[in-house]
Student: 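Sending over a structure as structure tokens; questions will come in a sec.
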Amino acid sequence: MSRTKVTIPYLMEKKAKKEQITMITGYDYPMALLEEKAGIDIILCGDSLGMTVYGFDGTLPVTMDMMIVHSAAVKRGAPNAFVIGDMPFLSYQVSPQEAVRNAGRFMKEANVDCIKLEGGAAMAETVKAIVNAGIPVMGHLGLTPQSTSALGGFKAQGRSAEAACRIIEDAAALEAAGVCSILLEAIPPEVARIITESSKVPIISIGAGIHCDGQLLIVHDMLGFFDRFVPKFVKKYANMNGVILEALLQYKAEVEQGVFPGKEQCYGMPAEELGKLNDMLKR
Ligand SMILES: Nc1nc(=O)c2c([nH]1)NC[C@@H]1CN(c3ccc(C(=O)N[C@@H](CCC(=O)O)C(=O)O)cc3)CN21
Ligand SMILES: CC(C)C(=O)C(=O)O
Ligand SMILES: [Mg+2]
């Protein structure tokens, strides 16, 4: 199946035409193949893989090396989607120089189209440095999982007038610094609407309501492939855990009952050769 290559101008055009942008996370080759086939616009190789794929309690243990391996696999599976590499904790906070080097690794070693980092005005200089290196940057505001400890947990943000005002200012600072898009996570729809209407770049929601330019979900959440916790913004479109568990139970039962493997799964040997073998073993 052929599909148009998703680029920044294409995403800008979608915002202008008020066509919704579709975005989903992807962490590996097989899922990326299906997301490409489905025509998803943007695939985020998120550091949420620390939780969904590696079983950590948060995203802080995730390293650049892990992100490079996974995002490269995603880009191989989805050459036409706009693939974004998520900068992991401590890969961009220390200095703009380190941030440029790590963002550059994503481009050089994983062939992604863009990188994403968390934070607002405080990250403006870092964003500028990366953009000046020719690397597109997506911003990320609201619930920023890399600062869970500072936020007091995975909690919705921007629910007071003052907190909302800060997020709106952060979005403006990111746009001025040159981001090509901003992700808003777990904030009230009213706040997201103000940002979407006042910004020139596409604004994507994960738990930020219907007024944005597009939507994102974590693929493991929407497929029912992760159930340690379910954020309020998740809608489950499938029950993969149920499907996979049923297959595993059936396999186990068939092995234990001697039903698997059947004749179809076995390699044949000509009767003549089998006869010869038996003669050889008799000697
Ligand atoms: N599988 C998965 N899905 C995600 O969406 C996700 C991750 N992992 N890992 C990193 C963060 C954590 N995320 C979360 C987690 C919980 C809520 C949530 O809805 N929390 C409730 C309860 C919080 C509380 O205890 O006060 C809320 O109402 O904010 C939102 C985003 C989003 N990200
Ligand atoms: C939760 C989303 C926005 C993310 O950053 C990730 O998947 O890592
Ligand atoms: Mg992330």
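Since we're looking at a predicted model, the values are computed, not measured. Every number for a ligand or one of its atoms is a count from 1 in the order of the listing.
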Student: Give me the nearest non-hydrogen protein atom to atom 5 (O) of ligand 1 as residue plus atom name, then the distance to 0.1 Å.
Tutor: F233 CZ, 3.3 Å
Student: May I have the step-by-step check of side chain to side chain donor-acceptor pair (under 3.5 Å) for Q146 and T59, ending in yes or no?
Tutor: CA-CA 6 Å; Q146 291 173 20; T59 56; 5.1 Å; no
Student: Is D41 paired with K14 through a side-chain N to carboxylate O contact shorter than 4.0 Å?
Tutor: yes
Student: Find all atoms of ligand 1 within a distance of less than 4.0 Å from any non-hydrogen atom belonging to T52, and give their numbers and elements.
Tutor: 1 (N)
Student: Any salt bridge between R105 and D65, counting N to O under 4.0 Å?
Tutor: yes
Student: Does a donor on one side chain sit under 3.5 Å from an acceptor on the other, for Y27 and S48?
Tutor: yes
Student: Are the aromatic ring centres of F226 and H220 under 6.0 angstrom apart?
Tutor: no
Student: In the protein, which heavy atom is nearest to atom 1 (C) of ligand 2, and how far is it?
Tutor: E185 OE1, 3.5 Å
Student: Identify, by atom number and element, the atoms of ligand 2 in contact range of I218, meaning under 4.0 Å from any of its heavy atoms.
Tutor: 1 (C), 7 (O)
Student: Strictly distance-based, threshold 3.5 Å: is any side-chain N or O of S160 a donor or acceptor partner for the main-chain N or O of A163?
Tutor: yes
Student: For ligand 1, which is the ligand I care about here, please tell me if M51 has any N or O atom under 3.5 Å from one of the ligand's N or O atoms.
Tutor: no
Student: In this structure, does ligand 1 have an atom that sits under 4.0 Å from one of the heavy atoms of G153?
Tutor: no
Student: Is K116 near ligand 2, meaning one of its heavy atoms is under 4.0 Å from it?
Tutor: yes
Student: Counting backbone and side-chain atoms alike, does D86 have an N/O/S atom under 2.8 Å from the Mg ion (ligand 3)?
Tutor: yes
Student: Need the ligand 1 atom indices (1-based, order shown) with element for anything under 4.0 Å from a heavy-atom of F226.
Tutor: 1 (N)
Student: With no hydrogens and no angle check, is any side-chain donor or acceptor of E36 less than 3.5 Å from a backbone partner on N80?
Tutor: yes
Student: Tell me whether atom 28 (O) of ligand 1 lies less than 4.0 Å from at least one protein heavy-atom position.
Tutor: no
Student: Do E197 side-chain atoms and H211 backbone N/O form a donor-acceptor pair below 3.5 Å?
Tutor: no
Student: Answer yes when E125 and K128 have at least one side-chain N-carboxylate O distance shorter than 4.0 Å, and no when they do not.
Tutor: yes
Student: The Mg ion (ligand 3) is nearest to which N, O or S atom of D47?
Tutor: OD1
Student: What part of H140, side chain from CB on, backbone N/CA/C/O, both or neither, has a heavy atom under 4.0 Å from ligand 2?
Tutor: side chain
Student: So if I count the atoms of ligand 2 from 1 in the order they appear, which ones are less than 4.0 Å from some heavy atom of D86?
Tutor: 4 (C), 5 (O), 6 (C), 8 (O)
Student: Inspect the contact between D279 and K276 and indicate whether a charged nitrogen and a carboxylate oxygen are less than 4.0 angstrom apart.
Tutor: no
Student: Give me the nearest non-hydrogen protein atom to atom 11 (C) of ligand 1 as residue plus atom name, then the distance to 0.1 Å.
Tutor: P145 CG, 3.7 Å
Student: Cut-off 3.5 Å, side chains only: do Y54 and H70 have a donor facing an acceptor?
Tutor: yes
Student: Looking only at protein heavy atoms, which one is nearest to atom 8 (N) of ligand 1, and how far off is it?
Tutor: F229 CZ, 3.8 Å
Student: Between H220 and ligand 1, which residue portion shows a heavy-atom distance shorter than 4.0 Å: side chain, backbone, both, or neither?
Tutor: neither
Student: Can you spot which of D170, T196, I203 makes a side-chain contact (heavy atoms from CB on, under 4.5 Å) with I182?
Tutor: I203
Student: Check L143 against ligand 1 and report side chain, backbone, both or neither, counting heavy atoms closer than 4.0 Å.
Tutor: side chain
Student: Any nitrogen or oxygen of Y27, side chain or backbone, less than 3.5 Å from one on ligand 2?
Tutor: no
Student: Run the numbers for me: atoms of ligand 2, each under 4.0 Å from some heavy atom of T25, listed by number.
Tutor: 7 (O)
Student: So, does T25 use its side chain to make a donor-acceptor pair with the main chain of V219 at under 3.5 Å?
Tutor: yes
Student: Classify the contact between L216 and ligand 2 as side chain, backbone, both or neither, using a heavy-atom distance cut-off of under 4.0 Å.
Tutor: side chain
Student: Can K155 and T148 be counted as having a side-chain donor-acceptor contact under 3.5 angstrom?
Tutor: no
Student: Do NZ/NE/NH1/NH2 and the carboxylate oxygens of D221 and K235 come within less than 4.0 Å?
Tutor: no
Student: Short list, please: which atoms of ligand 2 are under 4.0 Å from a heavy atom of G46?
Tutor: 6 (C), 7 (O), 8 (O)
Student: For atom 6 (C) of ligand 2, find the nearest protein heavy atom and state the residue, atom name and distance (0.1 Å precision).
Tutor: S48 OG, 3.3 Å
Student: For atom 16 (C) of ligand 1, what is the nearest protein heavy atom, given as residue, atom name and distance?
Tutor: F154 CB, 3.6 Å
Student: Would T59 count as a contact of ligand 2 if the rule is a heavy atom under 4.0 Å away?
Tutor: no
Student: Minimum heavy-atom separation for I8 to C180, with atom names?
Tutor: CD1-CB, 4.0 Å
Student: For ligand 1, which is the ligand I care about here, please tell me if D221 has any N or O atom under 3.5 Å from one of the ligand's N or O atoms.
Tutor: yes
Student: What residue and atom, counting heavy atoms only, is the protein's closest point to atom 17 (C) of ligand 1, and at what distance?
Tutor: P231 CB, 3.7 Å
Student: Would you mind checking which non-hydrogen protein atom is closest to atom 6 (C) of ligand 1, with the distance to 0.1 Å?
Tutor: I218 CD1, 4.1 Å
Student: Under a 4.0 angstrom heavy-atom cut-off, which atoms of ligand 1 come close to K232?
Tutor: 19 (O)
Student: Within 4.0 Å of atom 25 (O) of ligand 1 (strictly less), any protein heavy atom?
Tutor: no
Student: Is there a path of hydrophobic side-chain contacts, each under 4.5 Å between heavy atoms of I/L/V/M/F/W/Y residues, joining V53 to L223?
Tutor: yes
Student: Is there a heavy atom of E185 sitting under 4.0 angstrom from any atom of ligand 1?
Tutor: yes
Student: Any N/O of D47 closer than 3.5 Å to an N/O of ligand 2?
Tutor: yes
Student: Just to confirm my output: which protein heavy-atom neighbour is closest to atom 3 (C) of ligand 2, and how far is it?
Tutor: L183 CD2, 3.1 Å
Student: Salt bridge check, D57 against R228: does any charged N sit closer than 4.0 Å to a carboxylate O?
Tutor: yes
